[in-house]
Amino acid sequence: MIYLDAAATSAVRRDVLEAMWPYLTGDFGNPSSHHTVGESAARALADARGTVAAWLGCRPSDVVFTSGGTEADNLAVKGISLATPRGRHIVTTPIEHEAVLESVDYLRRIHGFQVTFVDVDATGLVDPAAFAAAVRDDTTFATVMLANNEVGTVQPVAELAAIARKRGIPFHTDAVQAAGWLDLDTAGLGVDALSISGHKLGAPKGVGALFVRGRMPLEPVIHGGGQERGRRSGTENVAGAVGLAAAIRLGEAGRQERAESAAANRDVFVASVVSRVPRARLTGHPSLRLPASASFVFPGTSGESVLLELERRGIVSSSGSACAAGSDEASHVLLALGLDEEIAQTAVRFSWGPEVGSPELAIVADAVAEAVETVASITQ
Ligand code: PLP
């Protein structure tokens with residue numbers, strides 16, 4: 001089996017699991033407990049927080065551990081918007097992950113916020129001038145993802161964050177898909193908040209983190225015992241946080257070289273698919289995209305049927321977001337890029353981890369050509 005759905009999730013790495021093991025067994029304490037078992041857990045949590053902070057170029061106190069990317073996005077969108085008294089207006093894009101879009105919609109429905117969606121172009125890019133035109137004096141919060149989970153387009157986040165900063169508007173970015181591939185130095189990006197998720201990095205599902213800069217007011221979303229400095233209550237997932245830190249350390253070693261080599265392999269793969277399957281169209285930006293992701297539409301076929309044909313050939317991929325898999329609705333991302341609904345239904349996304357190299361991608365390109373041919377011959 002060749003696994004090309006890393007954007008949905010990845011396996012827990014062995015070293016990560018080994019780092020976590022002690023905190024699930026002998027060293028199982030509650031970090032809030034005032035005894036040696038609890039203190040040991042508290043130390044592990046503090047170490048993990050230090051690793052995340054060093055990675056993001058921020059202070060440990062700026063890191064809030066969460067249950068994953070969805071919760072980090074919810075906390076950023078709702079927590080910052082509700083704590084910022086200046087207005088009730090949010091600026092975002094139509095291609096954000098559902099965790100952002102639904103949180104924004106909650107604020108619109110329940111709290112009367114107004115929302116401006118900045119259009120993206122046909123490659124999924126946000127134009128900074130359009131973003132600048134969308135922010136207002138009463139804008140409370142802006143959020144634009146660093147890399148898109150369906151088409152892989154990477155946004156000019158540093159430029160967008162600088163525009164927001166000049167207007168005094170808190171700026172958040174969802175870096176869930178960018179993590180492990182791009183530099184997430186929050187000072188360089190100039191963002192006020194940033195979300196990450198463990199299971200895209202080789203840590204387990206159910207752990208993530210939100211970076212929130214300094215004294216940014218933040219209304220908690222989960223109330224209770226006041227853990228995480230009152231910003232996220234609930235007994236901390238110590239082993240998960242330790243696993244996240246271990247995955248970050250493993251991922252950062254040689255990241256740049258790995259990303260460059262993955263991007264080179266991706267370009268060969270894309271060229272091979274496009275030359276062998278004349279109907280194939282790459283979606284997203286041709287170069288400003290994640291290194292290990294390529295998504296296509298195959299007009300005149302059905303994406304779901306192509307996926308089945310690929311799976312028969314031992315290749316596991318997806319039509320786009322795992323959250324939308326199985327739904328009959330066309331992807332909101334592809335529609336926002338201007339594709340018509342029928343073509344959007346023919347999408348297939350390939351996303352892979354560092355274990356997939358050019359030999360595997362060559363096999364996949366062969367299989368794609370065969371699978372699309374088979375489905376097209378049945379469809380027509
Ligand atoms: N944001 C993006 C861009 C994602 O791709 C995902 C997951 O696919 C999430 C947020 C949600 O993360 P989690 O699965 O950890 O809740």
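Predicted model, so just to flag it, every value in this text is computed and none were measured. Order of appearance sets the numbers: ligands from 1, and atoms from 1 within every ligand. Just so you know, these numbers use all the heavy atoms, side chains as well, and skip hydrogens, waters and symmetry mates.
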If we ignore angles and hydrogens, is there a donor and acceptor under 3.5 Å between the side chains of S103 and N74? yes
For G68, the ligand 1 atoms with a heavy-atom partner under 4.0 Å come out as 15 (O)
What class does the angle between the rings of F296 and F298 fall in, given that below 30° is parallel, 30 to 60° is tilted and above 60° is perpendicular?
-> parallel
Quick note, ring pair (Phe, Tyr, Trp, His ring centres under 6.0 Å) partners involving residues 229-274, not counting sequence neighbours, are F269-F350, F269-W352
What do you reckon, is CZ of R258 surrounded by more than 12 foreign heavy atoms closer than 6.0 Å?
-> yes
Within 4.0 Å of some non-hydrogen atom of K200, the atoms of ligand 1 are 7 (C), 8 (O)
Honestly, for H199 the part within reach of ligand 1 (heavy atoms, under 4.0 Å) is side chain
To atom 9 (C) of ligand 1, the nearest of E71, E98, H97 on a heavy-atom basis is H97
Quick look: T70 vs ligand 1, heavy-atom contacts under 4.0 Å, and the answer is both
Count the heavy atoms belonging to other residues, nucleotides or ligands that lie under 6.0 Å from CD of E370, then report whether that count exceeds 12.
-> yes
Those residues at least two apart in sequence (or on a different chain) that pass salt bridge (charged side-chain N to carboxylate O under 4.0 Å, His left out) with R276 are D366
Note: D73, heavy atoms under 4.0 Å from ligand 1, region reported as side chain
Counting heavy atoms under 4.0 Å, the part of M145 that contacts ligand 1 is side chain
Judging by distance only, is a nitrogen or oxygen of A8 under 3.5 angstrom from one on ligand 1? no
